[in-house]
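Attaching a single structure in structure tokens format; questions to follow.
Nothing here was measured: the structure is a model prediction, and the numbers come from that model. Note that ligands are numbered from 1 as they come in the structure, with each ligand's atoms numbered from 1 the same way.
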Amino acid sequence: MTADTLTVTDNRTGTSYEIPIENGAINASHLRQIKASEGDFGLMSYDPGFLNTASCHSRITYIDGDVGILRYRGYPIEQLAEESTYLETTYLIFHGELPTAAELEDWSWNINHHTLLHENIKKFIDGFKYDAHPMGTLVSSIAALSTFYPDSKNIFDPESQRKQVFRLMGKIPTVAAFVYRHAIGLPYAYPDNDLSYTGNFLNMLYKMTELKYSPDPVLEKALDVLFILHADHEQNCSTNAMRNVGSSQTDPYSALAGAAAALYGPLHGGANEMVLRMLAEIGSTDKVPAFIKGVKAGEGRLMGFGHRVYKNYDPRAKVIKRIADQVFEVTGRNPLLDIALELERIALEDDYFIQRKLYPNVDFYSGLIYQSMGLPVSMFPVLFAIARTSGWLAQWIEMLEDPEQKLARPRQLYLGSDVRDYVPMNRRQAA
Ligand code: CMC
């Protein structure tokens, strides 16, 4: 008879322990009973970077990285990208089910009617230098929003949670667009609630003197699909930051600023920006073999390749590659595409990349699309942040509703000095 337990023998003491296995995992706290002596703290698990540690139960996103599967609430990402819209997908992510027509209308209306910013927000965006990185300005602006909505501190009140979701999802595109307009010295373009979520974002980015902006339907749709692909990705670095900061019971604006800051880094959401910088630096397809040689020699990483979870082609990258062609029909072909295709071709045939299971990830092609739409590379992580806001918030609510969740506070393995006496300055020697 098999039991759902793990038997562990501690060879220091010869004692055996039986530890329950639930949902394919053991509870790390159960290790604490394993002690070498009476006063022993008990065994811990050591896992820098959380390579093999589940920090929560979740019912939102499922990934099987070995075969390249991504699903939101059970629905395959390919079907959502094909059939759904970003706002419908976000409803699904928050509620667990696809909305009826009336539910979707209500959801969309509420988000689209929270797009305006308090006028003071423009003033502090104005205070940033023209060349401030848009992610720095975005992160600071999101954090500042918490001071405008002190009611958001009622984090356990479902009505308040709902309100902050509408506010944040409605306002993030406005902040992002204002950040962009500030950088290029254009007056801010206000939201137009008649337009779709992405149509309105394009309006706030690109509206000039026309009375009403009409987004190109192909670009509007492409951006919508990109937002669907980026909406959630289970316990990635920024979502973990959202849950970590949120676990101290701070307000969602402060927690979301922390998540956006985590996204900023080049190993996470900043990778799409680094891909474009890398492609521009390579310059032409004939330089690709030398670049790959350099990567293999440890001179840098092939940005947009590799993933902590996917050890196969990132399913999002496949969808993006398809929509890139549609976008390029409108905008003209991005000249860097050929370099990207050549990099992918050579890398996928190369033993270094095959052995390490390094495939293109979501960021490899997304930047090419954003650039063709006229956005500067520094805005790419900002677009990622707009789309991921829904996932961060849904995961934050899931955390608040989970009775097993606590203040995030990892342990450490202390390897520093043992206790010693303070040395007065006149008796110290340079190391
Ligand atoms: N180019 C070259 N070598 C790589 C790359 C890469 N992009 N990624 C991983 N490796 C190598 C790495 O050097 C190591 O080799 P070795 O075993 O010889 O030391 C091996 O593959 C394993 O790498 P790792 O850093 O231990 O793996 P990880 O799971 O910690 O890293 C990653 C995942 C995404 C940080 C990494 O693949 C990477 O830096 N990729 C480039 C940045 C990037 O595209 N990030 C976007 C991720 S997708 C968007 C998102 O969800 O954030």
Side-chain angles (χ1 to χ4, degrees), residues 47-53 60-66 68-70 72 77 135 226-242 258-279 281-282 288-321 339-340 343-370 377 380-392 395:
D47 190 10
F50 305 115
L51 289 178
N52 195 38
T53 295
I60 301 174
T61 293
Y62 173 77
I63 300 176
D64 183 338
D66 290 332
I69 286 177
L70 169 61
Y72 299 154
I77 192 67
M135 273 305 270
L226 282 162
F227 281 10
I228 292 174
L229 300 177
H230 285 88
D232 192 51
H233 213 231
E234 51 118 307
Q235 306 314 312
N236 54 84
C237 177
S238 56
T239 302
N240 183 54
M242 181 83 195
L263 187 76
Y264 190 2
L267 295 189
H268 190 13
N272 52 17
E273 177 178 354
M274 300 312 283
V275 170
L276 262 282
R277 294 194 193 283
M278 173 188 77
L279 296 176
E281 198 183 305
I282 296 172
V288 168
F291 180 81
I292 296 270
K293 204 170 152 201
V295 168
K296 287 161 58 178
E299 288 163 16
R301 290 205 161 187
L302 176 47
M303 298 312 285
F305 255 67
H307 199 276
R308 172 63 59 79
V309 180
Y310 294 119
K311 301 302 167 196
N312 203 317
Y313 213 102
D314 182 336
R316 302 169 298 175
K318 277 190 196 153
V319 178
I320 291 183
K321 224 172 147 181
I339 302 174
L343 270 175
E344 180 184 337
R345 190 187 67 76
I346 295 187
L348 292 184
E349 286 174 357
D350 192 297
D351 259 3
Y352 175 95
F353 295 89
I354 295 170
Q355 275 170 15
R356 289 168 179 76
K357 299 189 175 161
L358 301 172
Y359 293 86
N361 60 48
V362 69
D363 289 324
F364 195 63
Y365 288 104
S366 61
L368 288 168
I369 299 180
Y370 295 147
V377 287
F380 299 174
V382 172
L383 274 88
F384 196 154
I386 297 173
R388 186 56 60 84
T389 294
S390 52
W392 289 330
Q395 299 266 354

Does any N or O of ligand 1 fall below 3.5 Å from an N or O anywhere on A271, backbone included? no
If I compare all heavy atoms of A271 with all of D363, which pair ends up nearest, and what's the gap? CB-OD2, 3.4 Å
Can you list the ligand 1 atoms lying under 4.0 Å from a non-hydrogen atom of L302? 1 (N), 2 (C), 6 (C), 7 (N)
Heteroatom distance test (K311, ligand 1): nitrogen or oxygen, under 3.5 angstrom: no
Contact bool for atom 26 (O) of ligand 1 (protein heavy atom, d < 4.0 Å): no
Can a non-hydrogen atom of N236 be found less than 4.0 Å from any atom of ligand 1? no
Below a 4.0 angstrom heavy-atom separation, can you tell me which part of L263, side chain or backbone, both or neither, approaches ligand 1? neither
So which protein heavy atom does atom 42 (C) of ligand 1 come closest to, and at what separation? M303 CE, 3.5 Å
What is the ring orientation for F305 with F353, classed by angle as parallel under 30°, tilted 30 to 60°, or perpendicular over 60°? perpendicular
Heavy atom of protein inside 4.0 Å of atom 40 (N) of ligand 1, strictly below: yes
Side-chain ion pair, K296 and D350, N-O less than 4.0 Å: yes
What closest approach, in Å, do L279 and I339 show between heavy atoms, and which atom pair accounts for it? O-CD1, 3.7 Å
Nearest heavy atom to atom 52 (O) of ligand 1, choosing from H233, K296, H268, belongs to H268
Sidechain-backbone polar pair: R316 side chain, I228 backbone, donor-acceptor under 3.5 Å: no
Q395 and its side-chain hydrogen bond (donor to acceptor under 3.5 Å, both in side chains) partner, picked from N236, T239, N240, D232: D232
To check you understand the geometry: which heavy-atom pair defines the closest contact between A259 and S238, and what is its length? O-CB, 3.2 Å
Check whether any side-chain N or O of D314 sits under 3.5 Å from a backbone N or O of P360 as a donor-acceptor pair, and report yes or no. no
What is the closest protein heavy atom to atom 2 (C) of ligand 1, and at what distance does it sit? V295 CG1, 3.5 Å
Minimal non-hydrogen separation, R301 against M278, with atom names: O-SD, 4.2 Å
Ligand 1 N/O within reach of F353 N/O, cut-off under 3.5 Å: no
Closer than 4.0 Å to some heavy atom of H307 - which atoms of ligand 1 meet that? 33 (C), 34 (C), 37 (O), 48 (S), 51 (O)
Out of R308, M274, R301, who is nearest to atom 23 (O) of ligand 1 when you count heavy atoms only? R301
May I have the step-by-step check of salt bridge (charged side-chain N to carboxylate O under 4.0 Å, His left out) for E273 and R277, ending in yes or no? CA-CA 6 Å; E273 177 178 354; R277 294 194 193 283; 2.7 Å; yes
The closest protein heavy-atom partner of atom 47 (C) of ligand 1 is N361 ND2, 3.6 Å
Report yes if some N/O of D363 lies less than 3.5 Å from some N/O of ligand 1; otherwise report no. no
I'd like to check whether G304 has a polar contact with ligand 1, where a contact means an N/O of the residue lying under 3.5 Å from an N/O of the ligand. yes
Polar atom proximity, F384 to ligand 1 (N or O, under 3.5 Å): no
Under 4.0 Å from ligand 1, counting heavy atoms only, is it the side chain of V362, its backbone, both or neither? side chain
My understanding is that only one of Y310, F384, W392 makes a ring pair (Phe, Tyr, Trp, His ring centres under 6.0 Å) with H233; could you say which? Y310
Which residue supplies the protein heavy atom nearest to atom 10 (N) of ligand 1, what is that atom called, and how far is it? L358 CD1, 3.7 Å
A student checking ligand 1 against L267 at a 4.0 Å heavy-atom cut-off should list atoms 39 (O), 45 (N), 46 (C), 47 (C)
Using side chain to side chain donor-acceptor pair (under 3.5 Å), reason through Y313 and E344 one step at a time and then give a plain yes or no. CA-CA 11 Å; Y313 213 102; E344 180 184 337; 2.9 Å; yes
for atom 34 (C) of ligand 1, nearest protein heavy atom and its distance come out as G306 O, 3.7 Å
Ligand 1-proximal atoms of Y352, by part, heavy-atom distance under 4.0 Å: side chain
Candidate with minimal heavy-atom separation from atom 20 (C) of ligand 1, of M278, R388, R356: R356
Nearest non-hydrogen partners of S366 and H230, listed with the distance: CB-CE1, 4.4 Å
If only atom types and distance count, is the side chain of D47 paired as donor or acceptor with the main-chain N or O of N52 below 3.5 Å? yes
